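So that the names make sense, note that chain A is the first sequence line, chain B the second, and so on, each numbered from 1. Predicted, not measured: the structure shown is a model, and the values here were computed from it.
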There are 2 protein chains.
Amino acid sequence: MTVSRALREPDAVSSRVREKVATAVRDLGYLPNRFAGGLAARRSRLVTVIVSGISASVYADALRGADEVLRPLGYEVLISQLTETPEQEERAVAALLGWQPEGVILSGIERTDATRRMLHAAGVPVVEALELTDTPIDSNVGLDHRSAGIAMGRHLADRGYRRIAFYGARLDSDFRAFRRLEGLRAGLAECGLVPVRVVCSEAPSTPETGARFLRELLDDAAAPDAVFLSNDTIAMGALFEAQRLGVAVPERIAIAGFGGSDITAAINPPLTTIRFARREMGRRAALTLLDRIERRAPPGQRVDVGFELLARGTT
Amino acid sequence: MTVSRALREPDAVSSRVREKVATAVRDLGYLPNRFAGGLAARRSRLVTVIVSGISASVYADALRGADEVLRPLGYEVLISQLTETPEQEERAVAALLGWQPEGVILSGIERTDATRRMLHAAGVPVVEALELTDTPIDSNVGLDHRSAGIAMGRHLADRGYRRIAFYGARLDSDFRAFRRLEGLRAGLAECGLVPVRVVCSEAPSTPETGARFLRELLDDAAAPDAVFLSNDTIAMGALFEAQRLGVAVPERIAIAGFGGSDITAAINPPLTTIRFARREMGRRAALTLLDRIERRAPPGQRVDVGFELLARGTT
DNA sequence: TTGTAAGCGTTATCAC
DNA sequence: GTGATAACGCTTACAA
């Protein structure tokens, strides 16, 4: 018991004991068993993150932000990736809940009722990140993808484009893209416009898919003069393909993406896109979760991290 | 006890009991406490991964590969990122070892003696991934970065470049880049060449850094005709800057990167780079670790995942 | 096939 | 400031 105290609250023991313990710990290479500690203390110091259907760079940045906040406070971040669908996520939640996490961060807002029930039953604070919703399980940090779509609709209309198309990849798992599409429709509607073509594909989010989209677009009977793609990867794929085909961007066809990765600013012309603070979103998600874990805040927290439309050379 | 059995080895109990348990589990929303289970069974079903100084896409892909292998076998993957230096890694290892992992995957081979000692003392199987070494702690999965550098040196020399430069970003934490530089020197030496300029910067790995490198290069008294950059991000930054400045690539200056991300194939001209199987590397690391955990293999396993030089338009 | 007993390595609690 | 004791929720080992 004295050792346990010396390790966790050194000030509560005499300096003699403190040093004796420190020496023994060093000599023995002692490392506390977190399973025993967690069991006895009834707290895990564990936060689980379940990442579904988002690109590597988004989740890596967001995770980094979350980790920065949580680790210094003694929390460990347990990650489950690879959940492309709400059903896969459900299994991941069931597995991770066994680790008695003190808090859970989930990506997106799309999940099964069973997942919701499990989370409620476990009584764990939950933060749903990446996208705002009116009906969060608990708390919510992200941006309003519909607003982002509206902003893009207005931008394209403002720049004088009239025959606007939407092309999306991986729309079987990127539910947020649908909301941006919805927003695009709303933004265009303000100017009396309607998308001339909407393509929702399940193709992978690769530059090749973007290239294919561009070729389809050029052949399209609707003859679009601008296209909003569901993310930067396919948007860049489309842009580079246009350049290969000698199609002038934005004169012949304007191209816009979503994500705001660094590389979009570096290419020629730089890509018009929508950026949001990924790392900051991770940080805010972690901070909000901590507020909930430590009962400093009631359920229902909502943090809008906003977004920024970067109007650049491709539109 | 019967419940425990019904859950872990359903075949060992009667179907009557099995169903009664299943019903109760459902009704109560029971989830086994992994802390209690781990403590009693003296096994954690946990594998920890410590990621140091690599880009988001590399580690995301590799992690995905590892997760694919481990999760179906009931292992959980606990990740610690954010260790840029061996000292940070040392702290991460100390913290994670408390979770009694059954295996540990580390990125790279650069670490402190204290880290090595802790790992040895813990008696955990260890896989060092990403880079091959002759002195692994336990087992090793990756590629030989020196060979990759040699391949690039030969390639550039073969294509007739004679005034070859190396520019590296983040070389305070990307130790593998040094080995590629070493390889480049060796590869060039075969043809009686020596790099005309070697720049090892601690600047961040961003396209802007690449752009700055290119401008420096053009002003360089050594007048390089080709440059091997330490990764694709800065290589693309350099390429795009060259295009903005109207500098012909590869005629005036050839550009090569390292990494082999998808986007390098999509740009114009496509970037010469070196690709390795990231996801496969993660899978192999996990499989090797499993072999060690389950004592199917002795320490000292070594898996070379190889690499591929993609000779493309920028050289 | 089911159940009993002991103990995993720590921490909460309370007495000294 | 220190230490004894009783959990924590499971699994191993063994008995019935």
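- In this structure, CZ of Arg43(A) is placed 18 Å from P of dT10(C), rounded to the nearest angstrom.
- Atom CG in Leu39(B) sits about 14 Å away from atom P in dG7(C), given to the nearest Å.
- Taking atom CG of residue Asn33(A) and atom P of nucleotide dG7(C), one finds them 18 Å apart after rounding to whole Å.
- With 3.5 Å as the limit, one finds no donor-acceptor pair spanning the side chains of Gln301(B) and Thr288(B).
- When the side-chain nitrogen and oxygen atoms of Arg5(B) are compared with OP1 and OP2 of dA13(D), none of them lie within a distance under 4.0 Å.
- Across the protein-nucleic acid pair, Leu28(B) atom CG and dG9(D) atom C1' stand 15 Å apart, rounded to whole Å.
- With hydrogens and angles left out, the side-chain atoms of Asp262(A) and Thr206(B) include no donor and acceptor closer than 3.5 Å.
- The separation between Asp11(B) atom CG and dT2(C) atom C1' is 16 Å, rounded to whole Å.
- Of the residues near DNA chain C, Ala12(B) and Arg42(B), the one whose nearest nucleotide (by heavy atom distance) lies more toward the 5' end is Ala12(B).
- Distances shorter than 4.0 Å separate some side-chain N or O of Thr2(B) from OP1 or OP2 on dG3(C).
- For Arg8(A) and dA12(C), the shortest distance from a side-chain N or O to OP1 or OP2 is below 4.0 Å.
- Between Phe35(B) and Trp99(B), the ring planes are perpendicular. Angles over 60° get that label, and only those under 30° would be called parallel.
- Going from atom CZ of Arg16(A) over to atom P of dG1(D) covers 14 Å, rounded to whole Å.
- Along DNA chain C, the nucleotide nearest Val13(B) and the nucleotide nearest Leu31(A) are compared for position; the residue whose nucleotide lies closer to the 5' end is Val13(B).
- Remark on DNA chain D: of its neighbouring residues Ala36(B) and Met1(B), the 5'-side contact belongs to Ala36(B), judged by nearest-heavy-atom nucleotide.
- The listed nucleotides are dT10(C), dT2(D), dC10(D); the one nearest the side chain of Val17(A) is dT2(D).
- No side-chain N or O of His145(B) forms a donor-acceptor pair with one of Arg176(B) less than 3.5 Å apart.
- Counting to the nearest Å, the P atom of dT2(C) and the CZ atom of Arg18(B) are 9 Å from each other.
- Straight-line distance from the CZ atom of Arg34(B) to the C1' atom of dT11(D): 14 Å, rounded to whole Å.
- Rounded to the nearest 0.5 angstrom, Arg116(B) CZ and Ile137(B) CD1 are separated by 5.0 Å.
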